[in-house]
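A short write-up of the structure that comes next.
A note on names: the letters A, B, ... follow the listed sequences, proteins ahead of strands, and every chain is numbered from 1. Note that this is a predicted model, so its numbers are computed, not measured.
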Amino acid sequence: MAKEITSRSEDYSQWYNDLVRKGGLADHSAVKGCMIIKPHGYAIWENMRDQLDKMFKETGHVNAYFPLFIPKSFLSKEAAHVEGFAKECAVITHYRLMNDPNGGGVIVDPSAKLEEELIVRPTSETIIWDAYKDWIKSYRDLPILINQWANVVRWEMRTRLFLRTTEFLWQEGHTAHATAEEAVIETRQMLDIYATFAEEFMAMPVIKGVKTANERFAGAEDTYTIEALMQDGKALQAGTSHFLGQNFAKAFDVKFMTEHNTEELVWATSWGVSTRLIGGLIMTHSDDEGLILPPKLAPLQVVIVPIPKPTPELADAADKIIKDLKGRGISVKYDTDERNRPGFKFAEYEMKGIPVRLGLGMRDLEQNQVEVARRDTKEKTSVSLDGIGDYVENLLADIQSSMFEKAKKYRDEMITSVDDFDEFQRVLDEKGGFVLAHWDGTVETEKRIKELSKATARCIPLDSKPEAGKCVLTGEPSTQRVLFARAY
RNA sequence: CGGGGUGUAGCGCAGUCCGGUAGCGCACUUGGUUUGGGACCAAGGGGUCCCAGGUUCGAAUCCUGGUACCCCGACCA
């Protein structure tokens with residue numbers, strides 16, 4: 001009728017687009033590859049942001065803000081970093097417009113050319129380390145544990161709402177340490193925070209691991225990642241935490257005096273997650289009826305729908321429920337909109353992924369009960385109004401955990417160990433998901449595997465045990481299995 | 001950046017081949033009847049047909065260029 005969603009089986013990409021658009025999360029904007037994040041989508045981001053921010057602060061981090069524009073010369077100071085980002089930077093060349101003397105609106109004023117061009121940050125390591133150079137003189141100035149919430153721009157060739165947009169919102173942590181050991185601990189700590197956030201709040205199971213050299217962040221010594229699996233069997237890199245070694249300290253000449261009066265280079269980390277997480281959230285849980293949101297991140301957790309329409313009696317009953325739920329910190333709305341009938345509202349709230357719906361009509365009131373519908377399983381039950389608060393509170397917790405369990409069961413079933421390349425290819429083609437395979441550790445083999453199978457090395461899982469074996473492609477010796485998948 | 005597709009009312013589309021002054025469904029407005037899973041009847045309102053140029057007496061339709069989005073590849077969070 002009003003809003004049809006393409007089914008996942010028919011066209012997975014179109015299903016995703018339909019959910020983003022019809023679920024009210026985002027729209028395309030007038031600028032290529034950029035999106036308008038609409039209130040429902042932005043509210044999810046705000047919930048993610050607030051929770052992560054809390055976790056960052058609990059571990060001693062503070063927020064700051066560095067500029068959007070970076071002098072072009074900064075980017076070229078770290079060789080690997082330039083290599084990684086040069087191809088996707090937006091460049092500011094002028095600072096003024098003027099009326100077109102030939103008519104036809106405004107043109108760039110050729111006399112307003114910048115002495116040094118500016119780039120729009122694709123990430124902020126360079127401008128931050130240029131500042132750290134002045135901030136860090138002594139071991140007493142360390143560590144610096146700064147995070148910033150910001151937008152960044154990466155001029156990608158192909159974009160998809162939330163998953164890869166030209167401009168996106170994220171947080172980037174940038175820390176400076178006196179020792180390598182401390183920086184590594186920080187890198188791993190932030191990876192753990194991301195994993196905890198993904199699993200406990202997004203209900204999205206992830207595999208923690210370290211990236212292969214080929215997949216590593218430009219300028220990092222080691223890149224740690226959390227990898228999630230989407231319902232179509234493709235992997236999604238959901239967050240990364242980098243041990244940057246002394247690469248940026250060298251590039252920006254950031255040294256400090258130790259307590260032994262020696263001069264040493266500073267050790268660094270950076271770590272980030274972005275609005276891409278929203279794409280991961282959608283593709284982990286949602287179904288053909290619309291979004292399914294975990295209660296801990298849902299902009300609205302409970303909606304009460306009067307049946308067939310609002311009346312004073314129903315309003316009284318709803319008020320009592322609202323008071324009870326709000327006292328428990330549960331967000332709830334009583335839908336008094338008389339333009340639509342209940343059936344329409346049911347479909348609409350299902351589309352938007354509201355975890356719990358309470359259907360309240362006179363028939364229910366006469367029996368002192370309410371109809372409770374959970375979005376994740378679409379189960380409906382009638383529950384006594386006495387103790388409804390306890391029931392809903394428990395139900396939300398149950399939805400949160402069962403969404404995680406369901407996603408984890410699927411993910412675990414989609415991890416396949418393979419020992420020869422035919423099987424490697426066949427599993428990817430017929431089943432999808434993660435493939436655990438031996439690899440000889442060379443970039444050449446990794447690239448060859450990608451060419452042949454479209455699958456990339458996602459990570460070397462942190463919990464993997466050393467295991468002697470032979471590379472799935474070359475037969476060369478290998479000491480452990482690596483996680484491969486086709487990825488977003 | 002290559003290949004394919006699409007752009008017409010808020011949304012989804014027909015009309016384009018074969019040029020003649022724009023239509024359907026949903027949504028919207030008004031009135032009425034309805035109401036436990038996307039209500040029904042009636043009467044209305046709403047359009048630079050993506051943009052710019054060209055051909056023509058006349059262009060949504062033909063030609064040229066541009067632009068945006070979608071799908072598939074190469075590059076990436």
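Using a 4.0 Å heavy-atom criterion, one finds that A:Gly279 contacts no nucleic acid atom at all. Using a 4.0 Å heavy-atom distance criterion, A:Leu236 is classed as making no nucleic acid contact. Using a 4.0 Å heavy-atom cutoff across all strands shown, A:Thr311 reaches no nucleic acid atom at all. Using a 4.0 Å heavy-atom cutoff across all strands shown, A:Phe217 reaches no nucleic acid atom at all. Counting non-hydrogen atoms under 4.0 angstrom, A:Glu451 reaches nothing in the nucleic acid. Using a 4.0 Å heavy-atom distance criterion, A:Ser274 is classed as a base contact. If you check every strand for non-hydrogen atoms under 4.0 Å, A:Lys380 touches a base. If you check every strand for non-hydrogen atoms under 4.0 Å, A:Asp364 touches a base. Contact annotation for A:Arg357: base contact, defined as any heavy-atom pair under 4.0 Å involving a base atom. Counting any heavy atom pair closer than 4.0 Å across all strands shown, A:Lys450 reaches sugar-phosphate atoms only and no base atom.
Between A:Thr159 and the phosphate of B:rC69, there is no side-chain N or O to OP1/OP2 separation shorter than 4.0 Å. For A:Arg158, a side-chain nitrogen or oxygen approaches OP1 or OP2 of B:rC72 to under 4.0 Å. Of the side-chain N and O atoms in A:Lys454, one or more sit less than 4.0 angstrom from OP1 or OP2 of B:rA74.
Under the Watson-Crick and G-U wobble criteria, each requiring two contacts below 3.5 Å, nucleotide B:rC62 is paired to B:rG54.
Between the base of B:rG37 and the side chain of A:Glu348 there is no donor-acceptor pair shorter than 3.5 Å.
With C1' as the reference atom, B:rC51 and B:rU33 are 47 Å apart, rounded to whole Å. Distance check on atom C1': B:rC13 versus B:rA60 gives 14 Å, rounded to whole Å.
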